[in-house]
Trainee: 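Below is the structure I would like to discuss, written out as structure tokens.
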Amino acid sequence: MSEVILSVKNLSVEYRVEEGIVKAVNDVSFDVKSGETLGLVGETGAGKTTIALSIMGLLPVPPAVVTQGEILFEGENILAANEKYLRTLRGNKISMIFQDPMSALNPSTYVGDQISEVIMLHNKVSKDKAREMAEECLEMVGIPKNRYAEYPHKFSGGMKQRVIIAIALACNPNLLIADEPTTALDVTIQAQILELMEQLKEKKGTSNILITHDLGVIAKMCDRVAVIYAGEIVEMGTLRQVFKNTAHPYTKGLFDALPGNSLSGKRLKPIKGSMPDPTSLPENCKFANRCFNKSDKCDQRIKLVDIGDGHLVRCVSPLCSEGVKSH
Amino acid sequence: MKKYIIKRLLWMIVVLLGVLFIVFVLLEFTPGDPARQILGVYADEEEVAAKRLELRLDDPFLVRFGRYVYNLVFRFDLGISYRTKLPVMQEIATRFPITIAIGVLGLVVSVAIGLVAGIISAVKQYSWLDKICNVFAVIFHAMPNFWLALELSLIFALYLKWLPPTGYKGLKYLILPVAALGLNGSTAIFRQVRSSMLDVIREDYIRTARAKGQSEIKIILKHELRNALMPVVTMIGNSLGAIIAGSVVVESIFSIPGLGNYMLQAINRRDYPVIQGSVFVLAFMICIFNLLTDIVYSFLDPQLQSQYQSNVKSKKRGVKA
């Protein structure tokens with residue numbers, strides 16, 4: 001449980017586009033230990049997907065540029081590795097599930113062949129053996145194997161996402177990155193897919209990075225959570241630390257904005273304002289102009305500090321410290 | 001799928017009858033008397049009248065049309081050329097292979113150039129390669145193919161003397177006509193391949209393929225090309241008409257004794273059976289190629305394939321109910 005399999009250190013990524021330099025990820029560091037699920041939560045445009053694509057080595061270059069940092073996977077720096085080595089990792093040791101299952105499968109290839117493709121890429125097996133293994137993968141995600149030779153348009157969204165999970169897990173990866181795996185699905189299917197992911201994680205012992213903006217999903221699935229705002233980690237800790245001893249005003253804002261947390265009949269409490277323009281991020285606290293707890297101290301560069309037991313917060317006046325309950 | 005093809009073949013008969021009818025009507029309204037054309041300006045009225053009777057030109061329009069169709073269907077006979085007095089079917093049979101060769105080779109050349117250049121352009125978008133391909137595409141697209149044919153003949157036959165300028169005595173004589181047709185046709189295919197490849201490259205399933213660890217070249221061949229080809233195939237099907245029309249022009253420039261040239265001469269000489277026969281054969285060819293296009297299309301797009309099947313099935317059910 002303690003072995004670190006992925007270590008992201010001081011990662012910064014920019015997109016250099018005509019409108020200027022978009023600072024998508026700023027000095028992000030985190031570790032993923034073997035067998036755990038780390039949740040990355042944040043609103044749209046916070047830089048979650050960019051982090052995931054950096055780990056896969058799939059950033060669109062250009063316009064993306066990694067300006068600093070390293071990503072260590074099994075001791076190798078992914079950012080400095082050559083394409084050939086990365087190809088042996090992708091789909092094999094690191095897999096990714098994408099947001100929209102509707103468009104993530106090739107429409108002109110049998111779903112089964114799309115699974116055996118990844119098996120044949122990373123294992124020296126015959127076509128027939130690969131087909132057999134792919135059929136097992138289909139059954140593993142709850143699809144009868146006689147649907148191997150069918151095209152994606154005959155599958156529903158939830159079924160497609162199951163196929164994508166089968167593709168991602170076909171080679172028993174050490175790390176699975178799930179980028180909003182349930183966002184495009186309706187609620188009942190969402191629950192099924194999450195259940196399936198949890199089962200498979202327990203069965204295979206895969207470490208997961210789960211990217212979402214849904215705190216409910218985080219609560220159900222994750223061991224640790226990193227809250228991301230404007231390309232920075234603003235709070236990181238165990239599920240209990242972040243959910244029970246919420247220390248950053250932004251995280252608190254997220255919880256307050258949940259419908260379940262305000263009494264019925266009362267208005268929702270959204271976080272006022274919107275994220276700062278990523279082409280001109282302020283040097284001081286990036287959340288300051290939306291923060292209810294703002295003071296003069298906020299007008300400076302703020303570091304991520306440990307408020308006890310590894311609970312990290314990027315705030316000069318955290319709402320609580322570890323061991324002292326604020327609510 | 002089999003039922004779909006049979007249905008399409010039945011429709012083809014209707015289309016061909018329609019084409020023949022239109023040609024008949026057009027020729028009916030064309031000024032000039034074929035009998036006079038055959039006998040020359042010095043023949044007297046009685047001779048012309050006798051010729052008209054011999055050719056049965058005085059029968060009512062629909063009777064002549066009916067007779068023509070009857071002969072075509074039951075005797076496989078397209079009539080006799082007014083000028084050479086030989087059966088049109090036989091004359092077409094000797095010329096048809098040359099036109100087919102030029103058309104098919106022209107198509108092959110245009111598809112080959114269009115595909116390769118289109119893929120390179122899309123994969124290396126905005127690179128100098130892409131820019132060069134685009135510039136050439138605009139140049140060749142802007143050139144009418146008769147002018148391109150003349151230029152090619154000027155450069156390679158007259159100045160460089162590498163290739164024969166006119167006539168047909170073997171494959172060497174086909175190089176210039178095929179090049180003229182192919183270069184002209186390739187530009188449209190190039191642009192279609194490039195734009196549909198650019199669409200597909202941005203698709204999510206390409207990212208999925210990358211996330212599997214697939215190599216770039218295989219992503220292009222296995223995932224991108226097949227999906228990008230669908231609109232291209234439709235376009236190739238549509239451009240066949242243009243290629244066949246182009247072959248008429250190109251054949252007459254290079255004096256190649258093909259069907260197009262034959263038809264052009266027949267039009268100038270009011271050789272009605274030859275005009276009707278050639279148009280019929282060309283229309284038949286285009287119909288067949290269109291059908292082939294649709295069949296290829298259904299193999300590329302599985303969604304269509306199941307549509308054909310369900311279409312036939314649902315119609316069947318409808319009949320039973």
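In what follows, chains carry the letters A, B, and so on, assigned in the order in which the sequence lines appear, proteins first and then strands, with residues in each chain numbered from 1.
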Trainee: Report, in residue-number order, which members of residues 95-110 of chain A are under 4.5 Å from chain B by heavy-atom distance.
Mentor: A:F98, A:D100, A:S103, A:A104, A:L105, A:N106, A:P107, A:S108
Trainee: Can you pull out the residues in residues 206-220 of chain B with any heavy atom less than 4.5 Å from chain A?
Mentor: B:R207, B:T208, B:R210, B:A211, B:K212, B:G213, B:Q214, B:S215
Trainee: For atom CZ of B:F136, is the number of surrounding heavy atoms from other residues, nucleotides or ligands below 6.0 Å larger than 12?
Mentor: no
Trainee: Can you establish whether the number of heavy atoms outside A:Y85 located under 6.0 Å from its atom OH is more than 12?
Mentor: yes
Trainee: Write out, in numerical order, the residues from residues 114-134 of chain A with a heavy atom short of 4.5 Å from a heavy atom in chain B.
Mentor: A:Q114, A:E117, A:V118, A:L121, A:H122
Trainee: Would you please name every residue forming a side chain to side chain donor-acceptor pair (under 3.5 Å) with A:D179, sequence neighbours left out?
Mentor: A:T49
